[in-house]
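No hydrogens, no waters, no symmetry mates; every other heavy atom, side chains included, goes into these values. Worth saying up front: this structure is predicted, and the values here are computed from it rather than measured.
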Amino acid sequence: MSRRLWMILSLPLFLLGLTGCWDRAELPEKGFVMGVAIDQTEEGKIALNTQIFKPSQGGIKSSAGTETTYLNVTTENDTVSKAIRDIPSNLGRKAQWSHMSLIIIGEELARKQNINNVLEFFYRDHEPRLTLSIMIAEGRADQYLKIKPLIGNSTSQQIFRSAEATATDTGKTIFTNLLDMGLQLKSEVGNTLVPYIYFPDKQPKVTQVAGVALIKKGMLVGRMEPKKVEALQIIMGKYINGMMDIPCQKIGNSDRKLDVVEVLDLHSRLQPTIISQNSMKVLVKIQMEVSISELNCSKIKTAVDERKFTENIEAVLEDNIEETVEWLKQKKFDALGLGNMVYKKNPSLWREMKPDWDNQFARTQFEYDVKVKVINSGTVIPQPALIK
């Protein structure tokens, strides 16, 4: 290669090194979004409340005199994309979506508009991450971003961590991100579960994430309470960690007492059997290992006591699971993904069953095989020798 040719080929690289990254943006030109709340106005427009990080010394002083490191910007327009375009008019900066962790959708909007259409921008734009959390709010969504965080740098971060912790440590909700929801809504059944956020009655300034919202074909159709979510997580084998209440019989006129066990390990399996086009059976097999956390009414001194205690846990667990399944059947909401299983096993049969699948799911027969093993007493004091 001649010296002249080498210089010509090297010139673009030299010029690029002088100019730097062509698409870079300085920090003062960006407003880093941490979370958004999306509602519907009385006129049917989109109300977008955007929580943005404020990188200034000492943060922003709130009315209580404490410092905050964020601000909320509200914009309204016909679509989410247009409302986003209006943010620079209020902020003086272009919104940057790569650090965003949370989207809250108001209940009224979720019931009236297809959520997939509302979130179109966040699926298509290259900046938002598909791992950000999605949840449905009781009432308006913007009110949850306006409260002061108890811990952390922002309300968005606190709510995001609350959803994660509730799903992992208690099983009372199901953590759902943008990717999960998109895949489930585009599945054959088209149902998905999204965390539900609300204000507890006795603590109006503290948010709580528990239970799930039921989304069918992109629309909010109902809500499942936390106790049923725990049972659903167990059925699906997604119950990571948590405590189970084991009711005892009433003693006289006193309040009902509870024994408590901690779930250590869980294996669950659904075995659907298609009998005919209009008939199906499902065997739910569950194996669980637990340790004792509290004994408020039971005593375990012998092998017989331990066996009775284990059988009581199995009975309570099976009742909770059966109650949850029957509730889903009444709602005609396949949260178990049985339709997707049928599709994978026999696509041609699924095409015949799909038009009437909601009714087919409601007619499905369920059988339960629940096995529980008590690993230890949960105390540092050794258990007495079990008498056979």
Side-chain angles (χ1 to χ4, degrees), residues 20-39 46-62 66-75 77 79-106 115-116 118-137 141-168 175-183 194-195 197 207 209:
C21 299
W22 65 272
D23 63 343
R24 72 176 183 176
E26 300 294 341
L27 285 178
E29 300 175 5
K30 296 285 187 178
F32 289 90
V33 178
M34 294 182 287
V36 299
I38 309 175
D39 290 297
I46 294 294
L48 186 72
N49 190 282
T50 308
Q51 191 162 90
I52 298 176
F53 177 66
K54 176 67 165 137
S56 62
Q57 294 182 353
I60 303 174
K61 288 190 176 182
S62 67
T66 57
E67 295 179 348
T68 59
T69 58
Y70 62 89
L71 55 87
N72 294 334
V73 176
T74 301
T75 54
N77 216 311
T79 65
V80 171
S81 297
K82 290 183 177 180
I84 288 173
R85 287 289 183 180
D86 292 337
I87 292 177
S89 301
N90 296 267
L91 187 65
R93 301 184 182 190
K94 185 178 183 296
Q96 175 72 26
W97 303 92
S98 57
H99 292 70
M100 178 183 174
S101 62
L102 174 69
I103 297 177
I104 306 177
I105 301 175
I115 292 177
N116 256 346
V118 173
L119 300 179
E120 185 81 4
F121 167 83
F122 301 101
Y123 281 114
R124 293 187 177 277
D125 193 84
H126 67 282
E127 288 183 358
R129 301 177 183 179
L130 293 177
T131 55
L132 62 88
S133 174
I134 302 291
M135 57 187 66
I136 302 296
D142 57 4
Q143 62 182 329
Y144 297 90
L145 294 186
K146 295 177 181 179
I147 67 169
K148 178 183 175 183
L150 299 176
I151 191 170
N153 295 326
S154 69
T155 311
S156 297
Q157 183 185 50
Q158 177 178 296
I159 294 174
F160 174 82
R161 295 301 180 191
S162 295
E164 274 191 328
T166 304
T168 303
F175 187 83
T176 304
N177 60 37
L178 195 63
L179 178 60
D180 294 334
M181 189 179 71
L183 292 175
V194 179
I197 183 172
T207 61
V209 182

Where is the tightest heavy-atom contact between [X] and [Y], given as atom of each residue plus distance?
X    : Y    : result
Q51  : T155 : OE1-N, 3.5 Å
V194 : I134 : CG1-O, 3.2 Å
K94  : P88  : CA-CG, 4.1 Å
N177 : D180 : OD1-N, 2.7 Å
I136 : I115 : CD1-CD1, 4.0 Å
I87  : L48  : CD1-CD2, 4.4 Å

Heavy-atom side-chain contact between [X] and [Y] under 4.5 Å:
X    : Y    : value
S156 : Y70  : no
F53  : Q157 : no
Q158 : I151 : yes
N49  : D39  : no
L130 : F122 : no
W97  : V36  : yes
N77  : R85  : no

Between [X] (side chain) and [Y] (backbone), is there a donor-acceptor pair under 3.5 Å?
X    : Y   : answer
Q96  : K30 : no
R129 : S98 : yes
D142 : A37 : no

Take E120 and V80, measure what side-chain contact (heavy atoms from CB on, under 4.5 Å) needs, and give me the verdict at the end. CA-CA 8 Å; E120 185 81 4; V80 171; over 6 Å; no
Say you draw a straight line from [atom1] of [X] to [atom2] of [Y]; how long is it, rounded to the nearest 0.5 Å?
X    : Y    : atom1 : atom2 : answer
I46  : D86  : CD1   : CG    : 12.5 Å
R161 : T166 : CZ    : OG1   : 13.0 Å
L102 : L145 : CG    : CG    : 6.5 Å
T79  : F121 : OG1   : CZ    : 10.5 Å
L132 : T176 : CG    : OG1   : 11.5 Å
M34  : I159 : CE    : CD1   : 11.5 Å

I84 vs D125, side-chain contact (heavy atoms from CB on, under 4.5 Å): CA-CA, chis, key distance, verdict: CA-CA 12 Å; I84 288 173; D125 193 84; over 6 Å; no
Task: Pair L119-I38, side-chain contact (heavy atoms from CB on, under 4.5 Å): steps then yes or no - done: CA-CA 10 Å; L119 300 179; I38 309 175; 4.1 Å; yes
Worksheet entry | side-chain contact (heavy atoms from CB on, under 4.5 Å) between K54 and T69, intermediate numbers included | CA-CA 5 Å; K54 176 67 165 137; T69 58; 5.5 Å; no
